There are 2 protein chains.
Amino acid sequence: MFSQSCKYAIRAMFLIAQRSNEGKFIGIKEIAEGLDAPQPFIAKILQDLSKKTMVISAKGPNGGFMLSESQRHTTLLDIVVAVDGNKIINSCCLGLRDCNEKSPCPVHDEYKLIRKKINSMLSTTQVSDYNDELSMSKLFLKDK
Amino acid sequence: MFSQSCKYAIRAMFLIAQRSNEGKFIGIKEIAEGLDAPQPFIAKILQDLSKKTMVISAKGPNGGFMLSESQRHTTLLDIVVAVDGNKIINSCCLGLRDCNEKSPCPVHDEYKLIRKKINSMLSTTQVSDYNDELSMSKLFLKDK
DNA sequence: ATATTAAAAGAGTTAAAGGTCTTTTATTAT
DNA sequence: ATAATAAAAGACCTTTAACTCTTTTAATAT
């Protein structure tokens, strides 16, 4: 469904959103630990999100990553599109480039509904929606 | 969502199902053309499905592939599981191995519904369900 | 000013998916 | 029997995703 990079990106954004409440930057090391993910890989992904102005970064002591007030309203769809592109939004699940209402693949109609649900889930969820549940350990961003 | 191999496998099975009505074997060359897909790659995929007894194959003149009466009831879920394994059925969309009701990821509940819809679509669709529409060119298995 | 901290940049590596090619084996029509 | 046909088998190549490593740049605390 999503690339590994995209899954990490979403999880990282949930984590940064939660910590941004406290008004502090969170470092890559802490993020990688919080997700149980490879640190250099997470660094790459966040670098990318930073370039796309979806997260604020700061170098030097007490540096790290943080979300501005408006960035906390970033949706999962924003992240997915930024990382994986928009194929999830509109592509045929059997891989047909030209699949559409006029010349549909066998599962076009059924899959359309599923795609709609996926888009709805992604576009209605914001990265700060679960800050509290994450803080209270009712929801998790890593295994174990 | 599905691997490229899996997409080809599904499309190939739809095509073989349709041609199996006529009681004849369909060759790899014709299948590859019918899907506009690379012939040697399709050959490998079908070899695999043949080993798993999801399709009958015959060598020599007039040989090719065909579905038995019971094989025509193969569901898309059967194909997906055979080719991509069962990760689609039960894995967390954020990649957490241990995501479950007890320790869920932030989108666990919402994604559960989507996964259910996907499974429902896959398990209720049989490869021969669209034979007629495919014959009448109301549905398509390739681009252009 | 300097040392330290931490992200940015970018080259490099590894593994898996996607796809190709060649040889072998089985079948059947003549 | 033999030639022709078509899948099986398996080695091989290519591309992309996933991940790592090293060096550079920027910020800050002393």
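None of these values were measured; they are calculated from a predicted model.
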K.L.:
What is the distance from CD1 of B/Ile42 to C1' of C/dT20, rounded to the nearest Å?
P.N.:
13 Å
K.L.:
Taking only heavy atoms on the protein side, list every residue of residues 73-81 of chain B lying under 4.0 Å from any atom of DNA chain D, sorted numerically.
P.N.:
none
K.L.:
Which residues in residues 49-69 of chain A have a heavy atom closer than 4.0 Å to any atom of DNA chain D?
P.N.:
A/Lys59, A/Gly60, A/Pro61, A/Asn62
K.L.:
Would you tabulate the side-chain donor-acceptor contacts of residues 31-56 of chain A under 3.5 Å, counting partners in other chains and residues two or more places apart, or write 'none'?
P.N.:
unit_1  : atom_1 : unit_2  : atom_2 : d
A/Asp48 : OD2    : A/Lys52 : NZ     : 3.1
A/Lys52 : NZ     : A/Ala82 : O      : 2.8

K.L.:
Between B/Ile10 and B/Val80, is there a side-chain heavy-atom distance shorter than 4.5 Å?
P.N.:
yes
K.L.:
I'd like a list of close polar pairs between nucleotides 15-23 of chain D and the protein, N/O only, cut-off under 3.5 Å.
P.N.:
unit_1 : atom_1 : unit_2 : atom_2 : d
D/dA18 : OP1    : A/Gln4 : N      : 3.0

K.L.:
Go through the structure and list residues passing salt bridge (charged side-chain N to carboxylate O under 4.0 Å, His left out) with A/Glu69, not counting sequence neighbours.
P.N.:
A/Arg72
K.L.:
Over all heavy atoms of both residues, which pair between A/Glu110 and B/Tyr130 is shortest? Give the atoms and the distance, please.
P.N.:
OE2-OH, 3.9 Å
K.L.:
Apply the hydrophobic cluster definition, ILVMFWY joined by side-chain contacts under 4.5 Å directly or through others, and give me every member besides B/Leu113.
P.N.:
none
K.L.:
By salt bridge (charged side-chain N to carboxylate O under 4.0 Å, His left out), which residues pair with A/Arg115, not counting sequence neighbours?
P.N.:
none
K.L.:
With rounding to the nearest 0.5 angstrom, report the CG to CD1 distance, B/Leu122 to B/Ile89.
P.N.:
8.5 Å
K.L.:
For residues 96-105 of chain B, tabulate all N or O donor-acceptor pairs below 3.5 Å that involve a side-chain atom, not counting sequence neighbours.
P.N.:
unit_1   : atom_1 : unit_2   : atom_2 : d
B/Asp98  : OD2    : A/Lys144 : N      : 3.0
B/Asn100 : OD1    : B/Lys102 : N      : 2.8
B/Asn100 : OD1    : B/Ser103 : N      : 2.9
B/Asn100 : ND2    : B/Asp98  : O      : 3.1
B/Glu101 : OE1    : B/Lys112 : NZ     : 3.4
B/Glu101 : OE2    : B/His108 : NE2    : 2.9
B/Glu101 : OE2    : B/Lys112 : NZ     : 2.9
B/Ser103 : OG     : B/Asp98  : O      : 3.4

K.L.:
Without placing hydrogens or testing angles, list every side-chain donor-acceptor pair under 3.5 Å for residues 132-139 of chain B, not counting sequence neighbours.
P.N.:
unit_1   : atom_1 : unit_2   : atom_2 : d
B/Ser135 : OG     : B/Gln18  : NE2    : 3.1
B/Ser135 : OG     : B/Asn131 : O      : 3.0

K.L.:
Check the distance between C/dA26's C1' and B/Gln47's CD and give it to me in whole angstrom.
P.N.:
13 Å
K.L.:
Do any of residues 20-33 of chain A sit with a heavy atom less than 4.0 Å from DNA chain D, and if so which?
P.N.:
none
K.L.:
Send over the distance from B/Asp48 CG to C/dG19 C1', rounded to a whole Å.
P.N.:
15 Å
K.L.:
Scan for side-chain hydrogen bond (donor to acceptor under 3.5 Å, both in side chains) pairs involving residues 79-94 of chain B, sequence neighbours excluded, and state none if there are none.
P.N.:
B/Ser3-B/Asp84
K.L.:
With side chains defined as the heavy atoms from C-beta onward, is the minimum distance between A/Tyr111 and A/Leu94 less than 4.5 Å?
P.N.:
no
K.L.:
First locate atom CD of B/Gln126, then atom CD1 of B/Ile79, and finally report the distance between them rounded to the nearest 0.5 Å.
P.N.:
10.5 Å
K.L.:
For A/Lys24, check side chain to side chain contact (heavy atoms under 4.5 Å, CB included) against everything at least two apart and list the hits.
P.N.:
none
K.L.:
How many whole angstroms separate atom CD1 of A/Ile16 from atom P of C/dA7?
P.N.:
10 Å
